Protein chains: 2
Amino acid sequence: MSIIFSDKIRSLRKEKKIPQRQLAAVLEIDTATYCKIEKGDRRAKREQVIILSDLLQVDSKELLRLWSADKVYDIIAEEEEATQILNVVAENIIKYKRKVAQA
Amino acid sequence: MSIIFSDKIRSLRKEKKIPQRQLAAVLEIDTATYCKIEKGDRRAKREQVIILSDLLQVDSKELLRLWSADKVYDIIAEEEEATQILNVVAENIIKYKRKVAQA
DNA sequence: TTTTGTCTTGACATTATTTGGCAAATATAA
DNA sequence: TTATATTTGCCAAATAATGTCAAGACAAAA
């Protein structure tokens with residue numbers, strides 16, 4: 001798994017000197033589970049990311065961006081044409097936006 | 001589900017006037033399953049994409065690119081910051097490449 | 001309209017993947 | 001050492017994805 005997201009929350013947590021236990025408690029999950037999230041072994045849930053952004057005092061949009069990026073990265077990391085794939089996606093997002101604008 | 005990939009194979013198939021039944025046979029799946037792949041209800045497997053590129057006489061790299069793009073699109077389509085997410089991913093790909101180059 | 005072949009859909013069982021917790025192990029700090 | 005924090009392996013439960021069957025829809029031709 002990728003570490004784009006997990007690296008970020010780990011460094012933020014250490015910065016603020018909060019133990020995993022404490023964040024895990026608020027998220028209502030086991031410490032072990034939280035640990036795995038921070039190591040990139042488990043994926044946080046969307047709502048958890050939002051709660052975390054609050055606890056770690058960081059913009060939730062930024063954290064969600066990294067969280068999504070992580071998922072994308074996992075898909076294309078092994079592909080040789082990773083960058084081209086991103087281009088294809090970008091094109092299609094634009095295409096879709098046009099469609100929506102028309103409607 | 002997204003249609004970046006499915007639209008492509010559908011138009012190629014129609015161009016060549018091949019019935020779904022025939023492609024399904026080579027892929028050793030049910031016609032219904034193939035239909036769903038072409039409608040974007042089911043995901044083709046990697047090997048199936050390669051077989052398809054052969055049957056449809058198209059570069060397998062191109063088809064795989066669309067196939068991957070589809071998966072990525074599904075993840076970020078609902079996100080408001082879709083484009084920014086792609087940027088984050090692109091940055092991290094570059095970062096990783098640097099690391100590999102160093103090693 | 002009926003027939004024929006093609007395509008599509010929904011429901012379902014099967015399989016694969018992901019999840020969270022527990023307990024034990026390891027690391028770090030006091 | 002003792003206490004606290006983090007990590008790991010393993011399991012069961014939950015969730016998601018897959019493929020098939022059977023039935024329906026659709027289109028072209030007879």
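Quick caveat, the model's predicted, so the values are computed rather than measured. Reckoned from all heavy atoms, side chains included, excluding hydrogens, waters and symmetry mates. Naming: A, B, ... by sequence-line order, numbering from 1 per chain.
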Hey, any chance [X] and [Y] share a hydrophobic cluster, counting ILVMFWY side chains that come within less than 4.5 Å of each other, even indirectly?
X: B:V58; Y: B:V49; value: yes
X: A:I75; Y: B:M1; value: no
X: B:I50; Y: B:I9; value: yes
X: B:L27; Y: B:L64; value: yes
X: A:I94; Y: A:L86; value: no

Can a side chain N or O of B:Q20 be found less than 4.0 Å away from OP1 or OP2 on C:dG5?
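No.
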
All salt bridge (Lys or Arg N to Asp or Glu O under 4.0 Å) counterparts of B:K71, not counting sequence neighbours
none

Evaluate the side-chain proximity of A:Q84 to B:K61: yes if any heavy-atom separation is below 4.5 Å, no if none is.
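No - every pair of side-chain heavy atoms lies 4.5 Å or more apart.
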
Do A:L52 and A:L12 make a side-chain contact, defined as non-hydrogen atoms from C-beta onward lying under 4.5 Å apart?
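Counting from C-beta outward, A:L52 and A:L12 never come under 4.5 Å.
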
Identify, with sequence neighbours excluded, every residue that meets side-chain contact (heavy atoms from CB on, under 4.5 Å) alongside [X].
X: B:V26; result: B:I51, B:L55
X: B:D30; result: B:A32, B:T33
X: B:R13; result: B:R10, B:I18, B:Q20, B:L23, B:Y34, B:E38, B:L56
X: A:D41; result: A:K36, A:K39

Rounded to whole Å, how long is the line connecting atom [atom1] of [X] with atom [atom2] of [N]?
X: B:I18; N: C:dG5; atom1: CD1; atom2: C1'; result: 17 Å
X: A:K71; N: C:dT17; atom1: NZ; atom2: P; result: 18 Å
X: B:I37; N: C:dC7; atom1: CD1; atom2: P; result: 14 Å

What closest approach, in Å, do [X] and [Y] show between heavy atoms, and which atom pair accounts for it?
X: A:S68; Y: B:I85; value: CB-CD1, 3.5 Å
X: A:I93; Y: B:A82; value: CD1-CB, 3.7 Å
X: A:A44; Y: A:F5; value: CB-CE2, 4.2 Å
X: A:S53; Y: A:S60; value: OG-CB, 3.1 Å

Tell me which residues in residues 21-36 of chain B lie within less than 4.0 Å of DNA chain C, going by non-hydrogen atoms.
B:R21, B:A32, B:C35, B:K36

Which residues within residues 2-10 of chain B lie with some heavy atom under 4.0 Å of an atom in DNA chain C?
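The answer is B:R10.
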
Under a cut-off of 3.5 Å for both distances of each Watson-Crick or G-U pair, what dot-bracket string does DNA chain D give, using [ ] for crossing pairs and | for inter-strand pairs?
||||||||||||||||||||||||||||||

Report yes or no: does B:N92 contribute a side-chain atom to a donor-acceptor pair with the main-chain N or O of B:V88 at less than 3.5 Å?
yes

With the criterion being N/O to N/O and under 3.5 Å, what pairs connect the protein with nucleotides 25-27 of chain C, and how long is each?
none

Check DNA chain D against residues 39-52 of chain B and give the residues with a non-hydrogen atom under 4.0 Å, in numerical order.
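By residue number: B:R42, B:R43, B:K45.
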
So the side-chain hydrogen bond (donor to acceptor under 3.5 Å, both in side chains) pairs with at least one residue in residues 73-82 of chain A (sequence neighbours excluded) are A:R43-A:D74, A:E79-B:R46, A:E81-B:R65

5' to 3' on DNA chain D, which nucleotides open and close the contacts with chain B (atom under 4.0 Å from a heavy atom)?
D:dT18 to D:dC21

